[in-house]
Amino acid sequence: MTSIIHPTPGALREKMRLHHRHLLWELPLIYRGESALVKRVKQRVAGSKAREPQAVAFEVSTAASEGGSKYDEKLLQNYVPLYVMLPLGVVTADNVFEGGEKLEKQLKDLRAAGIDGVMVDVWWGIIEAKGPKQYDWSAYRSLFELVNRCDLKIQAIMSFHQCGGNVGDVVDIPIPQWVRDIGETDPDIFYTNRSGNRNEEYLSLGVDHQPLFGGRTAIEMYSDYMKSFRENMADFLEAGQIIDIEVGCGAAGELRYPSYPETQGWVFPGIGEFQCYDKYLKAEFKEAAKNAGHPEWELPDDAGTYNDKPDSTEFFKQNGTYLTEKGKFFLTWYSNKLLMHGDNILDEANKAFVGCKVKLAAKVSGLHWWYKHHSHAAELTAGYYNLKDRDGYRPAARILSRHHAIMNFTCLEMRDSEQSAEAKSGPQELVQQARSINHIDNLPTQVQVLSGAWREKIEVAGENALSRYDAEGYNQILLNARPNGVSKSGPPKLRMFGVTYLRLYDELFEEKNFNLFKTFVRKMHADQDYCPDPSKYGHEIGPLERSNPQIPMDDIIDATKPMKPFPWNNQTDMPVDGAGQFGLLGGLINGIKSIFFK
């Protein structure tokens with residue numbers, strides 16, 4: 001119980017009458033920015049306190065404090081921790097940490113802004129560059145020590161892919177040279193399109209169980225790497241500084257095929273290409289087709305090229321190949337291979353970190369272009385077999401549930417209105433996947449991506465796809481982090497486990513950008529102070545348990561059935577600019593409440 005001093009009832013009525021008059025006069029300050037408004041209101045509050053008459057005290061039970069921070073215990077249950085992604089090359093390709101004073105200052109500024117931690121790529125191509133099982137973690141240990149001094153938590157990505165060739169890649173960090181050397185004599189270890197172009201960004205899942213790498217399979221290499229990370233970062237793990245291990249499962253660290261590589265000429269909004277024409281996956285498909293009684297079936301030859309539009313191809317056009325028996329068989333095989341790939345890597349990650357107080361996670365890509373086309377072509381080429389009557393994301397959530405892992409989903413900041421009509425994009429529908437299947441046929445709505453994960457009883461996290469410094473982007477992230485808004489009576493029904501902001505660039509620290517970012521952090525925390533103890537907002541991390549038994553394929557396929565999505569508000573009730581559910585007046589009221597009842 002915390003004692004709060006309040007004025008006597010008569011004084012309170014007079015005080016509120018005067019404040020109402022002053023606040024109506026100061027309403028135009030909203031248009032001059034939050035800082036001007038808050039400054040003026042704080043001056044009023046300070047002046048009132050200085051002149052306050054004799055008061056009486058009474059008890060309220062809504063506040064708690066820790067180390068100087070104050071919380072409303074019920075609102076604290078709405079807290080969503082916020083992390084910031086570090087620069088891609090924070091450790092150089094030569095395995096050197098060049099953080100220096102600049103990075104330390106930026107991290108301290110971020111900590112002062114209230115963020116909970118940072119996310120960082122831990123590149124396979126850097127750590128195991130010298131040869132098989134020759135790991136050098138020294139530069140990353142120096143980085144982690146700096147992060148620790150700045151009192152920030154760490155989300156570590158096991159990055160088994162190449163940096164360079166994807167949107168936003170500003171440095172080049174290839175996979176280990178000794179692995180690429182094997183590709184010189186056996187180029188089929190890499191993903192391959194129908195034209196025979198190889199993609200060295202990530203090893204083909206066709207070699208997951210092929211002992212081509214000094215007697216090790218690809219899965220065994222990933223497993224050994226993660227075990228070495230645990231051994232060499234044991235002190236950070238035991239101290240609870242590393243709280244999340246995100247396992248890279250494909251291109252850009254995402255569970256997908258590299259279907260739209262800029263290095264091979266892809267430009268938005270091209271449909272991409274299937275990536276299963278290496279000899280290993282070709283052989284697996286032929287064996288699967290033979291077992292299905294169709295030895296004559298081949299991999300698609302009518303799906304177009306990277307920059308085609310769906311309707312210009314036989315495969316994706318209206319009533320195209322993708323709807324035939326042969327097309328459905330291929331798409332099921334293609335997507336299932338990706339799911340099994342993720343399942344295998346996550347199983348090894350679970351073995352490596354079992355018993356550690358960490359969460360596992362895997363990232364699912366937000367392919368929003370052509371989402372509103374009947375074929376969902378860009379999703380299909382990437383391995384997400386998602387159609388109006390088939391959920392392509394809940395099976396991945398079911399796989400993650402086996403390993404007690406979090407689904408991390410991208411493009412949280414995007415809105416339909418910001419996208420080109422030509423691309424038939426639907427980022428909001430993709431995040432929510434709450435569109436109607438077919439109004440004419442009166443079929444039920446399709447389950448949303450995040451709803452699908454929550455229905456599988458796993459935690460959901462998210463991140464923005466592109467850097468944003470504007471209120472619209474922040475508000476969209478806030479909406480998706482708490483789809484039904486803040487609950488004033490305890491934990492909300494729906495709440496993300498965490499959000500990662502991309503990325504730490506110098507532009508973020510420009511005065512205007514950083515001021516708005518600090519407001520964003522505060523709103524992610526439901527207007528509460530930074531809370532160092534996750535258990536206080538229901539996110540206590542216990543020892544990682546061993547994975548559950550493997551899920552039968554029939555049960556995974558069962559997760560493709562559409563389900564009704566959870567309800568989703570149209571806009572956040574905690575906007576950074578006061579332009580939320582109740583407009584500018586609502587923003588004003590929220591600002592006043594945050595000062596009076598902080």
Practice task
Take Asp573 and Arg482, measure what salt bridge (charged side-chain N to carboxylate O under 4.0 Å, His left out) needs, and give me the verdict at the end.
Solution key: CA-CA 9 Å; Asp573 60 349; Arg482 289 184 295 258; 5.2 Å; no

Exercise for the section: Quick one: sort the His539 and Phe497 rings into parallel, tilted or perpendicular, breaks at 30° and 60°. Expected result: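 Plane angle under 30°, so parallel.
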
Nearest heavy atoms of [X] and [Y], plus distance in Å:
{"X": "Ser451", "Y": "Trp568", "result": "OG-CZ3, 4.3 Å"}
{"X": "Ser365", "Y": "Tyr393", "result": "O-CE2, 4.5 Å"}
{"X": "Leu450", "Y": "Met496", "result": "CD1-CE, 3.6 Å"}
{"X": "Leu107", "Y": "Leu504", "result": "CD2-CD1, 4.3 Å"}
{"X": "Pro567", "Y": "Pro483", "result": "O-CB, 4.4 Å"}
{"X": "Gly498", "Y": "Val80", "result": "CA-CG1, 4.0 Å"}

Any sub-3.5 Å donor-acceptor pair from [X]'s side-chain atoms to [Y]'s backbone N or O?
{"X": "His376", "Y": "Leu387", "result": "no"}
{"X": "Asn569", "Y": "Thr572", "result": "no"}
{"X": "Glu379", "Y": "Trp369", "result": "no"}
{"X": "Asn148", "Y": "Gln241", "result": "no"}

Qualifying residues under salt bridge (charged side-chain N to carboxylate O under 4.0 Å, His left out), relative to [X], sequence neighbours excluded:
{"X": "Glu104", "value": "Lys108"}
{"X": "Glu254", "value": "Arg256"}
{"X": "Arg546", "value": "Asp347"}

Any chance the side chains of [X] and [Y] put a donor and an acceptor closer than 3.5 Å?
{"X": "Asp151", "Y": "Tyr530", "value": "no"}
{"X": "Asp116", "Y": "His525", "value": "yes"}
{"X": "Thr500", "Y": "Gln155", "value": "yes"}

Exercise for the section: Using the side chain to side chain donor-acceptor pair (under 3.5 Å) rule, collect all pairs that involve residues 461-471, keeping only residues at least two apart or in two chains. Expected result: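 For residues 461-471: Lys363-Glu463, Asn408-Glu463, Glu418-Arg468, Arg468-Asp470.
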
Spatial distance of atom [atom1] ([X]) from atom [atom2] ([Y]) [nearest 0.5 Å]:
{"X": "Tyr71", "Y": "Cys531", "atom1": "OH", "atom2": "SG", "answer": "4.0 Å"}
{"X": "Leu516", "Y": "Leu508", "atom1": "CG", "atom2": "CG", "answer": "10.0 Å"}
{"X": "Arg495", "Y": "Trp454", "atom1": "CZ", "atom2": "CH2", "answer": "10.5 Å"}
{"X": "Arg503", "Y": "Leu86", "atom1": "CZ", "atom2": "CG", "answer": "8.5 Å"}
{"X": "Asp244", "Y": "Ile541", "atom1": "CG", "atom2": "CD1", "answer": "7.5 Å"}
{"X": "Glu413", "Y": "Leu478", "atom1": "CD", "atom2": "CG", "answer": "12.5 Å"}

Problem - side-chain contact (heavy atoms from CB on, under 4.5 Å) between Val122 and Ser159, worked out - result: CA-CA 6 Å; Val122 184; Ser159 296; 5.7 Å; no

Does some side-chain heavy atom of [Y] sit less than 4.5 Å from a side-chain heavy atom of [X]?
{"X": "Met158", "Y": "Glu246", "answer": "no"}
{"X": "Ile406", "Y": "Leu400", "answer": "no"}
{"X": "Leu82", "Y": "Phe517", "answer": "yes"}
{"X": "Asn78", "Y": "Ser487", "answer": "yes"}
{"X": "Leu237", "Y": "Arg230", "answer": "yes"}
{"X": "Gln476", "Y": "Leu412", "answer": "no"}
{"X": "Val486", "Y": "Met574", "answer": "yes"}
{"X": "Val364", "Y": "Thr410", "answer": "no"}

Exercise for the section: Begin with the C-alpha distance, continue with both residues' side-chain angles, and end with the deciding distance and a verdict on side-chain contact (heavy atoms from CB on, under 4.5 Å) for Leu146 and Leu103. Expected result: CA-CA 9 Å; Leu146 172 60; Leu103 179 61; 4.0 Å; yes

State which residues pass side-chain hydrogen bond (donor to acceptor under 3.5 Å, both in side chains) with [X]; sequence neighbours excluded, sorted by chain then number.
{"X": "Asn548", "result": "none"}
{"X": "Glu456", "result": "Arg394, Arg398"}
{"X": "Arg111", "result": "none"}
{"X": "Gln528", "result": "none"}

Practice task
Quick one: list whatever passes side-chain contact (heavy atoms from CB on, under 4.5 Å) with Asp109, sequence neighbours left out.
Solution key: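 Checked Asp109 against side-chain contact (heavy atoms from CB on, under 4.5 Å); matches are Lys105, Phe509, Phe514.
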
Practice task
State which residues pass side-chain contact (heavy atoms from CB on, under 4.5 Å) with Ser335; sequence neighbours excluded, sorted by chain then number.
Solution key: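 With neighbours one apart ignored, the set is Tyr385.
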
Problem - Candidate pair Met119 and Ile157, rule side-chain contact (heavy atoms from CB on, under 4.5 Å), full reasoning - result: CA-CA 7 Å; Met119 178 180 277; Ile157 309 174; 3.6 Å; yes

Problem - ring-ring contact (aromatic ring centres under 6.0 Å, His included) partners of His403, counting only residues at least two apart - result: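 With neighbours one apart ignored, the set is empty.
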
Handout entry: Residues in ring-ring contact (aromatic ring centres under 6.0 Å, His included) contact with Tyr83, at least two apart in sequence or another chain
Key =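 Applying ring-ring contact (aromatic ring centres under 6.0 Å, His included) to Tyr83 gives none.
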
Problem - Row check, Phe566 ring normal vs Arg455 NZ/CZ: under 6.0 Å, within 45° - result: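 The answer is yes; both the distance and angle limits are met.
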
Exercise for the section: With Lys523 as the cation and Tyr474 as the aromatic partner, state whether NZ or CZ is under 6.0 Å from the six-membered ring centre and within 45° of the axis. Expected result: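 Judged by the rule, Lys523 and Tyr474 form no cation-pi pair.
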
Practice task
Answer yes when Arg402 and Asp343 have at least one side-chain N-carboxylate O distance shorter than 4.0 Å, and no when they do not.
Solution key: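 Answer for the salt bridge query: yes.
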
Handout entry: Verdict with reasoning, Leu502 to Leu466, per side-chain contact (heavy atoms from CB on, under 4.5 Å)
Key = CA-CA 7 Å; Leu502 271 63; Leu466 303 173; over 6 Å; no

